[in-house]
Amino acid sequence: MAATALADPAVDGSTLSLIAIALVVVATGMIGAYGVRFARTTGDFLVASRSVRPAWNAAAISGEYLSAASFLGVAGLIAVHGPDALWYPVGFTAGYLALQLFVAAPLRRSGAYTVPDFAQIRWGSKRLRAMSTALVLAIAWLYLVPQLHGAGLVLREVTGLPRWVGVTAVAVVVTLNVVAGGMRSITLVQALQYWFKLVAISLPVLVVLAVNRPGVPALFDGVWADAGQGLGGTHPAAEIYSLMLATFLGTMGLPHVLVRFYTNIDGGSARATTVRVIALLGVFYLFPTIAGVLIHALLPPPTAGQADSLLLALPAATVGGLLGELLGALVAAGAIAAFLATSSGLVVAAAGVLSTDVLRGRVRDFRVAAVVAGLVPLAMALPTTSLDISRVVGMAFAVAASTFCPLLVLGIWWRGLTTAGAISGLIVGGGLSLGALVTSVAFPGVLPDALDSLLGQPAVGSVPAAFVTMIIVSLLTRSSLTPRADAVLAMLHLPAAARRSAGFDPRDRAALPGGSPIRPGSDRGPGWAPSP
Amino acid sequence: MTDRHPPRRVRVVLADRRPSPLPVLRGAEVAEQTELGRELVRGLIRAQLAASLRIAGLALAMFAPLPILFAIVPALEDLRVLGVPVAWWILGLLAYPVLYLLARLHRRQAERIERDFTELLGRG
């Protein structure tokens with residue numbers, strides 16, 4: 001790829017990195033453009049017409065999910081905090097087990113495009129739908145801002161360009177790609193990006209390992225290698241339990257993850273996809289882990305706030321020469337691929353709800369929505385700076401775990417969750433987690449230590465609070481339950497074959513008329529229309 | 001507790017492959033939301049939920065004790081396998097195949113429950 005650079009010995013690492021990054025951006029655009037040829041209807045744009053097979057979809061989901069937090073952040077946090085930081089990748093993976101156990105297949109069968117769609121199908125409430133829309137946008141943008149910050153950081157580290165260049169470049173490239181092809185072309189891009197990211201992290205790590213051959217005892221030396229020290233807070237165990245709760249339960253509430261599940265063929269293939277995703281993530285996370293150990297052993301002790309750029313510096317500092325520079329460029333390109341893939345997924349998800357809920361859901365509306373969905377976080381990212389990417393991303397997980405997780409889990413499995421229960425639970429869970437976040441960002445260190453670490457990791461309080469609120473308010477408003485709950489639950493859980501034998505072709509629901517979003521009762525067979 | 005579910009019990013009755021008018025009737029029952037149809041679907045949901053909760057409980061039993069264990073048993077720090085502390089083995093490597101196997105186990109169980117239910121309705 002860098003043939004001319006190889007011929008010139010005077011070329012330096014930043015030029016190589018810039019070339020590699022440019023190649024990734026151009027390739028992303030070209031593959032996206034190739035996919036555009038297949039994208040025509042709104043169904044293509046929003047959910048790739050629900051025709052993505054498990055092998056492709058699993059790679060696409062993993063490619064999209066492995067953000068900068070996984071690519072750079074995990075290695076850096078492990079290098080700084082030791083084995084307790086391993087709970088981040090373990091939690092990021094375990095989230096898919098929870099997703100499969102409680103959400104994947106029924107959610108796919110609901111036929112919804114987005115969480116607001118699901119809320120409307122399940123409860124038929126406009127207010128609940130509007131709240132879900134606002135939450136999808138809040139979580140997506142909360143997740144997008146650190147991605148953009150990370151892109152700015154990478155570009156500044158490897159090339160010296162000012163921060164705003166990277167932030168703006170990623171936001172613009174992603175928005176253009178989504179505007180052009182929607183979900184259809186993004187699927188292809190993201191699936192390829194998984195494999196590229198795997199190479200971009202495993203190759204440098206293995207070469208660093210082979211060149212330096214550090215002894216095992218030297219790698220796990222000192223207090224750093226001991227578990228149980230926490231992640232910098234004063235209550236290590238509590239901090240880790242809160243992180244576990246947020247990551248295990250938050251994944252199922254992330255809009256860019258959910259939107260990919262709607263692209264599965266049916267409920268069964270949604271499960272098959274999840275199993276493969278867990279395998280792909282497990283293989284990938286092996287390498288940031290080894291990288292973190294190597295960074296700790298081979299680089300000088302990092303200072304606070306440096307965690308995200310450590311992996312970028314590793315190859316050049318420990319391998320040296322042209323090989324080191326090339327591997328450094330590969331890591332930088334992988335990081336940019338990570339920003340592009342995750343940001344694309346988030347922009348698709350945000351544009352999906354904007355176009356169907358705020359606009360009228362035509363292809364043109366989706367494109368307008370994509371521009372808004374990409375430019376709002378850009379406006380948020382330019383004047384601000386992030387702490388560790390993984391930590392900010394962890395906050396988005398906490399908000400998702402406190403809102404959509406109880407909404408989906410209780411909504412799918414318990415007929416007794418009433419509209420009032422769902423709404424009050426979202427208010428309590430969203431209010432607590434977002435409130436904690438705003439307080440900890442706006443007034444850092446004002447509160448006593450114990451409270452301060454709770455604000456940084458609010459899930460341990462806000463998730464149970466949301467569940468309990470939904471259950472109690474639902475029990476109090478039991479009289480408002482309608483037979484609709486039974487009808488919808490049957491639709492969520494009946495396997496395709498049973499639906500056929502019950503006289504319904506599941507494809508009726510998959511083939512949506514003229515790109516209009518689902519309205520309950522409108523395309524359901526006789527007997528499924530919920531009672532008013 | 002699974003043998004209390006109506007689907008399981010009735011399936012034995014239908015185990016002979018002779019065509020019978022009953023299954024068709026059941027499909028209609030489910031479709032038209034009669035009392036029997038509703039009960040059948042509730043049985044399916046209960047069976048699926050029980051399977052999911054079993055797997056979730058298994059995962060919880062394996063992962064939840066770890067942070068406390070690492071925090072209060074300092075002897076674990078000295079326990080090394082091939083020079084690598086056990087915490088690194090567990091969280092850095094073993095956790096992933098465990099999660100994968102749990103997911104596969106759940107997929108198998110969920111699909112079996114769905115097959116049983118579909119056979120109960122008449123057309124496997």
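Reminder, nothing fancy here: chain letters follow the sequence lines and each chain counts from 1.
- In terms of heavy-atom pairs under 4.5 angstrom with chain A, the leader among A110(B), A87(B), A95(B) is A110(B).
- Between F220(A) and W88(B), the ring-plane angle classifies as perpendicular under the 30° and 60° cut-offs.
- You'll find the side chain of I240(A) stays beyond 4.5 Å of the side chain of F70(B), heavy atoms only.
- For L489(A), the parts sitting under 4.5 Å from any heavy atom of chain B are the backbone and the side chain alike.
- Annotation: side chain of L44(B) is in contact with side chain of P495(A) (closest heavy-atom distance under 4.5 Å).
- Taking CD of Q109(B) as the start and CG of L101(A) as the end, the distance is 10.0 Å to the nearest 0.5 Å.
- Taking CG of L93(B) as the reference point, atom OH of Y285(A) lies at 15.5 Å (rounded to 0.5 Å).
- Closest approach of L97(A) to A59(B), counting heavy atoms only: CD2-CB, 4.0 Å.
- The shortest heavy-atom contact between I278(A) and A103(B) is CD1-CB, 3.5 Å.
- Closest heavy-atom contact between W413(A) and I45(B): CZ3-O, 3.7 Å.
- Take Y65(A) and apply the ring pair (Phe, Tyr, Trp, His ring centres under 6.0 Å) test, not counting sequence neighbours, and it matches Y96(A).
- Taking chain B as the reference chain and counting heavy-atom pairs below 4.5 Å, the highest number among A94(A), A272(A), A279(A), A105(A) is found for A272(A).
- With a 4.5 Å cut-off on side-chain heavy atoms, V283(A) and Y96(B) do not count as touching.
- Residues A56(B) and F102(A) approach most closely at CB-CZ, 4.0 Å, considering heavy atoms.
- Neither the backbone nor the side chain of R276(A) comes within contact range of chain B; no heavy atom of the residue lies under 4.5 Å from a heavy atom of that chain.
- Q48(B) and H493(A) form no side-chain donor-acceptor contact under 3.5 Å, judged by distance and modelled atom types alone.
- Heavy atoms of A104(A) lying under 4.5 Å from chain B are absent altogether.
- Between D486(A) and V41(B), the closest side-chain pair of non-hydrogen atoms is not below 4.5 Å.
- Looking at every heavy atom in both residues, P83(A) comes nearest to L91(B) through O-CD1, 3.8 Å.
- In this structure, chain B has a heavy atom under 4.5 Å from the side chain of V293(A), while its backbone stays farther away.
- Considering all non-hydrogen atoms of both residues, P67(B) and M244(A) come closest at CG-SD, 3.8 Å.
- Taking the side chain as every heavy atom from C-beta outward, V275(A) and H106(B) never approach each other to under 4.5 Å.
- Heavy atoms of P89(A) lying under 4.5 Å from chain B belong to its backbone as well as its side chain.
- If you measure heavy-atom distances from T93(A) to chain B, the contacts under 4.5 Å come from both the backbone and the side chain.
- When heavy atoms are compared at a cutoff of 4.5 Å, L82(B) approaches chain A solely by way of its backbone atoms N, CA, C and O.
- Scanning for salt bridge (Lys or Arg N to Asp or Glu O under 4.0 Å) contacts around R122(A) gives an empty result, with sequence neighbours left out.
- From Y100(B), atom OH reaches atom CG of L281(A) across 13.0 Å, with rounding to the nearest 0.5 Å.
- The 12-atom threshold is not exceeded at CZ of R104(B), counting heavy atoms of other residues, nucleotides or ligands nearer than 6.0 Å.
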